[in-house]
Chemist: 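I'd like to ask some things about the structure below.
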Amino acid sequence: MAAKQPLIISDRNQMRKWSRMMRSQGKTVGFVPTMGFLHEGHLSLVREAHRHTDVVVVSIYVNPGQFSPTEDLSVYPSDFDGDVRKLMAVPGSVDVVFHPHNLYDYEGTNKKKSTSMINNVVVLSCIEQKGMGHETWVRVENLEKGLCGKSRPIFFRGVATVVTKLFNIVDPDVAVFGKKDYQQWRIIQRMVRDLDFPIEVVGSAIIRDSDGLAMSSRNVRLSPKEREQALSINKSLLGAKSAAANGQIDCNKLKNFVIQAITEAGGRIDYAEIVDQESLEVVESIEAPVVFCVAAWFGKVRLIDNTEINL
Ligand code: PAF
């Protein structure tokens with residue numbers, strides 16, 4: 001049987017209409033937001049969405065709101081046709097690929113651009129596009145501060161804002177996020193709770209290559225040597241997890257072990273933190289469920305990974 005061809009929608013009103021039509025037919029809508037350049041990790045989120053709902057929407061949109069001026073949005077990889085082919089190969093395919101051109105274009109006339117400072121970083125407070133300047137941001141104030149938020153201070157307000165916009169447009173019953181982006185998943189869960197979105201947020205397990213490297217669109221930018229070095233992240237996290245299972249609950253000792261292993265392999269640590277799974281607050285010793293989160297540079301590529309520890 002030929003794979004189902006998804007409907008490609010780029011207009012937000014059409015997207016909303018489609019979801020409402022599904023609802024009126026008694027169908028539940030699942031949603032997987034992505035920035036495209038899909039890999040097996042994304043496809044696993046689609047498979048997860050199929051387990052929860054009758055129809056599935058995937059969005060492909062590279063969100064300018066989550067890039068700082070030093071992070072080059074224009075070099076973000078994209079392969080729309082390849083992405084659609086990959087989605088069609090997933091059992092059940094997807095029903096809609098939502099591919100908006102510009103979610104910050106409001107068809108207005110005001111083209112003024114403005115900037116402001118967050119944690120000493122200049123950020124666009126108003127995204128200048130063809131329409132009225134966008135100036136409304138969603139912030140999850142505490143959860144966004146630590147871990148990746150330290151080195152990427154505007155990232156999570158950009159993510160929370162675009163996910164809010166996408167939720168309002170796609171209007172899903174269930175949304176699936178990967179646990180590789182652990183902080184992002186927890187932030188979206190908290191936002192949905194705090195702002196009363198009628199959406200269930202599902203966290204889906206990290207998908208790894210056969211050698212253990214967590215799948216990421218950034219992996220293609222690693223040289224063969226850097227890729228080899230990067231295996232130290234998962235290996236050392238697994239080592240720390242088994243040390244914890246054997247009674248080592250002192251977080252400093254576990255962190256030092258991971259930092260040393262990654263540094264000796266040739267990586268440069270951005271952070272290695274053991275935090276509470278829900279509050280994402282740093283803990284000194286493992287008394288409750290925690291997650292060990294790492295971000296490290298290999299050459300010019302910054303990778304993140306994590307492992308949950310439930311003793
Ligand atoms: O995880 C991502 O790909 C992005 O942060 C998301 C959730 C699609 C928002 O742009």
Side-chain angles (χ1 to χ4, degrees), residues 33-35 37 39 41-42 45 62-73 75-76 117-124 137-164 177-192 201 203-208 213-219 221-222 230 232-234 236-237 240 251 255 258-259 262-263 267-283 290-309:
T34 81
M35 299 212 294
F37 209 65
H39 51 68
H42 296 109
L45 305 182
V62 181
N63 170 35
Q66 67 194 66
F67 288 81
S68 74
T70 55
E71 297 167 326
D72 196 353
L73 174 67
V75 298
Y76 198 85
M117 303 282 283
I118 296 182
N119 294 356
N120 295 325
V121 173
V122 180
V123 297
L124 284 180
W137 301 97
V138 180
R139 303 198 65 158
V140 182
E141 293 187 343
N142 282 321
L143 288 185
E144 71 167 32
K145 276 189 192 138
L147 304 174
C148 289
K150 278 196 181 148
S151 56
R152 305 185 76 191
I154 65 151
F155 178 70
F156 290 116
R157 101 182 167 155
V159 169
T161 304
V162 83
V163 171
T164 297
F177 289 81
K179 283 198 196 178
K180 186 172 89 66
D181 299 300
Y182 201 90
Q183 189 175 13
Q184 168 171 282
W185 168 54
R186 287 300 192 195
I187 283 176
I188 300 302
Q189 263 188 337
R190 184 65 59 91
M191 176 187 92
V192 159
V201 176
S204 194
I206 298 177
I207 302 295
R208 299 181 181 280
L213 189 68
M215 288 199 185
S216 161
S217 312
R218 294 166 182 225
N219 292 355
R221 290 170 42 215
L222 294 166
S232 60
I233 306 183
N234 181 47
S236 61
L237 282 176
C251 293
K255 284 196 271 189
V258 165
I259 291 169
I262 294 174
T263 310
R268 186 162 53 83
I269 294 283
D270 179 0
Y271 65 78
E273 294 288 9
I274 300 177
V275 298
D276 179 88
Q277 282 182 14
E278 296 238 345
S279 69
L280 303 185
E281 270 166 23
V282 173
V283 297
V290 294
V291 54
F292 196 153
C293 298
V294 168
W297 291 89
F298 295 87
K300 292 198 169 126
V301 186
R302 181 177 175 276
L303 299 179
I304 58 170
D305 199 349
N306 68 76
T307 188
E308 287 178 319
I309 303 178

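Side-chain atoms are counted along with the backbone in the values below, which use heavy atoms only and exclude waters and symmetry mates.
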Chemist: Mind checking what makes ring pair (Phe, Tyr, Trp, His ring centres under 6.0 Å) contact with F298, not counting sequence neighbours?
Modeler: none
Chemist: Within this structure, what is the CG-CD1 distance for the pair L237 and I309, rounded to the nearest 0.5 Å?
Modeler: 8.0 Å
Chemist: Looking at residues at least two apart in the chain, or sitting in another chain, which of them share a side chain to side chain contact (heavy atoms under 4.5 Å, CB included) with Q189?
Modeler: W185, R186, V201
Chemist: With K180, which residues qualify under salt bridge (charged side-chain N to carboxylate O under 4.0 Å, His left out), at least two apart?
Modeler: none
Chemist: Who are the side chain to side chain donor-acceptor pair (under 3.5 Å) partners of R190, not counting sequence neighbours?
Modeler: none
Chemist: Excluding sequence neighbours, so at least two apart, what forms side chain to side chain contact (heavy atoms under 4.5 Å, CB included) with A295?
Modeler: D270, Y271, R302, I304
Chemist: Can you sort out the partners of E281 under salt bridge (charged side-chain N to carboxylate O under 4.0 Å, His left out), two or more places apart, ordered by chain and number?
Modeler: none
Chemist: Please name all residues satisfying side chain to side chain donor-acceptor pair (under 3.5 Å) with Q184, sequence neighbours left out, ordered by chain then number.
Modeler: none
Chemist: Less than 4.5 Å apart, side chain to side chain, heavy atoms only: is that true for Q183 and L143?
Modeler: no
Chemist: Kindly write out the residues that satisfy salt bridge (charged side-chain N to carboxylate O under 4.0 Å, His left out) with R208, not counting sequence neighbours, or none if the list is empty.
Modeler: D305
Chemist: By salt bridge (charged side-chain N to carboxylate O under 4.0 Å, His left out), which residues pair with D181, not counting sequence neighbours?
Modeler: none
Chemist: Heavy atoms only: give me the nearest S217-F37 pair and the separation to one decimal.
Modeler: OG-O, 3.6 Å
Chemist: Not counting sequence neighbours, which residues clear side chain to side chain donor-acceptor pair (under 3.5 Å) with E278? List them please.
Modeler: none
Chemist: Applying ring pair (Phe, Tyr, Trp, His ring centres under 6.0 Å), can you list everything that pairs with F67, at least two apart in sequence or on another chain?
Modeler: Y76
Chemist: For E144, is there an ion pair with R157 - N to carboxylate O distance below 4.0 angstrom?
Modeler: no
Chemist: Could I get the full list of side chain to side chain donor-acceptor pair (under 3.5 Å) partners for S279, not counting sequence neighbours?
Modeler: D276
